[in-house]
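The chains referred to below are lettered A, B, ... by the order of the sequence lines, with proteins before strands, and numbering in each begins at 1. These numbers come from the heavy atoms of this one structure, side chains and all, not from hydrogens, waters or symmetry mates.
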2 protein chains.
Amino acid sequence: MASKETKQRGRPRSFDRETALEQAMRSFWEQGYEATSISDLTRTMGIGAPSLYAAFGDKRALFDEVVAAYGRRHGGFIDRAVAEEPTARQGVGRALREAAVEYTLPGRPRGCLVISAALNTTPASAEVAASLREMRRSNIGQIESRIRADIVSGELPADTDASALAHYVGAVIQGMSQQARDGADRAMLADIASLAMRAWPETAEAGEGEETAEEAGETHGDPAADGGAPHPRRATLAHPAP
Amino acid sequence: MASKETKQRGRPRSFDRETALEQAMRSFWEQGYEATSISDLTRTMGIGAPSLYAAFGDKRALFDEVVAAYGRRHGGFIDRAVAEEPTARQGVGRALREAAVEYTLPGRPRGCLVISAALNTTPASAEVAASLREMRRSNIGQIESRIRADIVSGELPADTDASALAHYVGAVIQGMSQQARDGADRAMLADIASLAMRAWPETAEAGEGEETAEEAGETHGDPAADGGAPHPRRATLAHPAP
DNA sequence: TGATTTATATATCGCTCGCTACAGAAAAAC
DNA sequence: GTTTTTCTGTAGCGAGCGATATATAAATCA
């Protein structure tokens, strides 16, 4: 599937399938599923309609493939941050900081495709909308699971409402995506992310110093995502200062 | 404009204009501007296309009228909360709590029309999208102004970033609207609102921890004027109040 | 060299979009 | 009554939608 093993028989394709898919992603990302017409796609992909249908099926199948590629290339940072960091707090903090960067990278559409590409849909596209909604639900579920693990381990207080906290994080991320599309710059999104983390529950007991403002590392090397709290940290009794 | 003074000359209108406008609002609110067709509108409004155009102009003008009516009947609660409560904190807290109720009222579309009705748009509807975006910007500006006033009065710390805090609130509200449309119930939205307020900066001087999660519990019925105010703390010690 | 296979370019298809011309219907004005 | 004014129902406009039929172009296989 990934490589051509034998020489194909007929006339070879005159365009690069991956490049065309990338262009389709741009269009769907910017305008959304329904607002992007086949005519838009053929123009930006640089191919004719029959080539599009031969290579990708129909509009819906092309979109599905775009969403899959998006998840692989751009959308995975949240799950990755939550899975890789040692605590839920650090994972979510890093996810929010990285979202501020990802959602404002120059040269690509603002915000998140999964969040914004199928919001105002006709009944004809109800399935597409439901598909993206399910992905959003799944993302929040991932966060909730990570939070629950920290409750079990004692990192978070036993009475922490994992579902509510995860949905709060999801709402903030969706809000950040919309703010990015509405024109907020990267620094503003970083401020929102930083503020949002102030709502995070205190560590249960003898926490180890969680410096949430520490380097998230491997994102995109952009220093704008300092993540440091521009606002005075709220007074806490149990939280050891870094 | 509000009343008919003289008897009109020709054949009288066979439908109630306000009722028709209400139905149009429902359609736009549910599906968004572009995804709602004239055919949808004439069906739900119960009138023919020529009657629609005679009474409201074109689709764009009808939508503008819908948005104006929406602002009057449903959308004003944020500005009202922020304007009426004695502090920005109480105002925003009440606004978030009321959003949880407003965005999940049974028998009407979920979420906020201004937030969600023109998100995936073709270039043909760029003006509509820009118009709603400007309203969102204005709402955040209102919140920012209220926060700034509390900084001046000393209610909030002098180093509070009013713009960032206002944009955070805006992002949370937009996230709540999307969550509502994604199926979150009222209790979940109330939890998100409660969590979001934990990020609010401490009062400049006056004492003790704010128990920001002070139960918005009641939800329905009258969103009490004092609802949510943990304790009246208007006096500030650090700065002279006007 | 054909013959076969696959891709592309042109020119649509049926359908829905926002919108309107036109003629008939229902009221006030005369 | 007749005239005038306004609204409503039918029917259809040009344009764009997603998707294709057809014919030609470019490759491999024999």
Side-chain angles (χ1 to χ4, degrees), chain A residues 4-21 23-24 27-28 31-66 117-118 120-129, chain B residues 4-21 23-24 27-28 31-66 117-118 120-129:
Chain A
K4 307 205 162 184
E5 18 199 292
T6 74
K7 290 227 171 184
Q8 288 290 72
R9 273 261 309 218
R11 172 175 176 177
R13 186 176 282 131
S14 69
F15 61 94
D16 180 56
R17 200 176 182 281
E18 283 305 306
T19 305
L21 189 66
Q23 291 308 111
S27 295
F28 282 130
Q31 298 202 324
Y33 175 71
E34 282 194 316
T36 303
S37 68
I38 298 290
S39 170
D40 290 332
L41 292 167
T42 57
R43 187 172 1 90
T44 63
M45 297 166 85
I47 63 179
S51 299
L52 188 155
Y53 281 87
F56 298 101
D58 60 2
K59 187 186 180 184
R60 171 70 199 277
L62 171 59
F63 183 72
D64 287 345
E65 202 165 330
V66 159
N120 304 139
T121 53
T122 64
S125 304
E127 284 186 12
V128 174
Chain B
K4 309 204 155 175
E5 16 198 296
T6 74
K7 288 230 171 187
Q8 287 289 68
R9 273 262 305 211
R11 174 176 176 176
R13 187 176 281 131
S14 69
F15 61 93
D16 181 56
R17 199 176 183 282
E18 282 305 305
T19 305
L21 189 66
Q23 291 308 111
S27 295
F28 282 130
Q31 301 203 322
Y33 175 72
E34 280 194 318
T36 302
S37 67
I38 297 291
S39 171
D40 290 331
L41 292 167
T42 57
R43 185 168 8 85
T44 63
M45 297 166 85
I47 62 179
S51 299
L52 188 156
Y53 281 88
F56 298 101
D58 60 3
K59 188 186 180 184
R60 170 70 200 277
L62 171 59
F63 183 73
D64 287 345
E65 203 165 329
V66 159
N120 304 138
T121 53
T122 63
S125 304
E127 284 186 12
V128 174

Distance in Å, [X] [atom1] paired with [Y] [atom2], rounded so as to fall on 0.5 Å steps:
| X | Y | atom1 | atom2 | result |
| --- | --- | --- | --- | --- |
| A/L62 | A/L21 | CG | CG | 6.5 Å |
| A/F56 | A/L41 | CZ | CG | 10.0 Å |
| B/S27 | B/R43 | OG | CZ | 8.0 Å |
| A/I38 | A/Y53 | CD1 | OH | 3.5 Å |

Quickly work out the [X] [atom1] to [N] [atom2] distance and round it to whole Å.
| X | N | atom1 | atom2 | value |
| --- | --- | --- | --- | --- |
| B/R11 | C/dA27 | CZ | P | 8 Å |
| B/M45 | D/dC7 | CE | P | 15 Å |
| B/Q31 | C/dC17 | CD | C1' | 14 Å |
| B/I38 | C/dG18 | CD1 | P | 5 Å |
| B/Y33 | C/dC17 | OH | C1' | 12 Å |
| B/E34 | C/dT16 | CD | P | 18 Å |

Stretch residues 46-62 of chain B: residues that reach within less than 4.0 Å of DNA chain D through a heavy atom: B/P50, B/S51

For A/D64, side chain to side chain donor-acceptor pair (under 3.5 Å) partners two or more places apart: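 Residues passing side chain to side chain donor-acceptor pair (under 3.5 Å) with A/D64: A/R60.
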
B/G10 vs B/D40, nearer the 5' end of DNA chain C by closest nucleotide: B/D40

Check: A/T122 main-chain N/O paired with A/E34 side-chain donor or acceptor under 3.5 Å: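 Flag set: sc A/E34 to bb A/T122 pair under 3.5 Å.
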
Backbone of B/A129 reached by a side-chain donor or acceptor of B/T121 within 3.5 Å: no

Validation row: A/S37, A/Q31 side chains within 4.5 angstrom (heavy atoms): no

Check nucleotides 13-16 of chain D against the protein and report each pair of N or O atoms closer than 3.5 Å, with its distance, or say if there are none.
none

Residue B/R9, side-chain atoms from C-beta onward, closest of D/dT5, D/dG18, C/dG18: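 Of the candidates, D/dT5 comes closest.
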
Per A/R13 side chain, nearest of listed nucleotides D/dT4, C/dT8, C/dC19: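 So the side chain of A/R13 is nearest to C/dT8.
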
A/F28 and A/F63 aromatic ring geometry - parallel, tilted or perpendicular at 30°/60° bounds: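 Correct class here is perpendicular.
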
Of A/P12 and A/T36, the one whose closest DNA chain D nucleotide lies more 5': A/T36

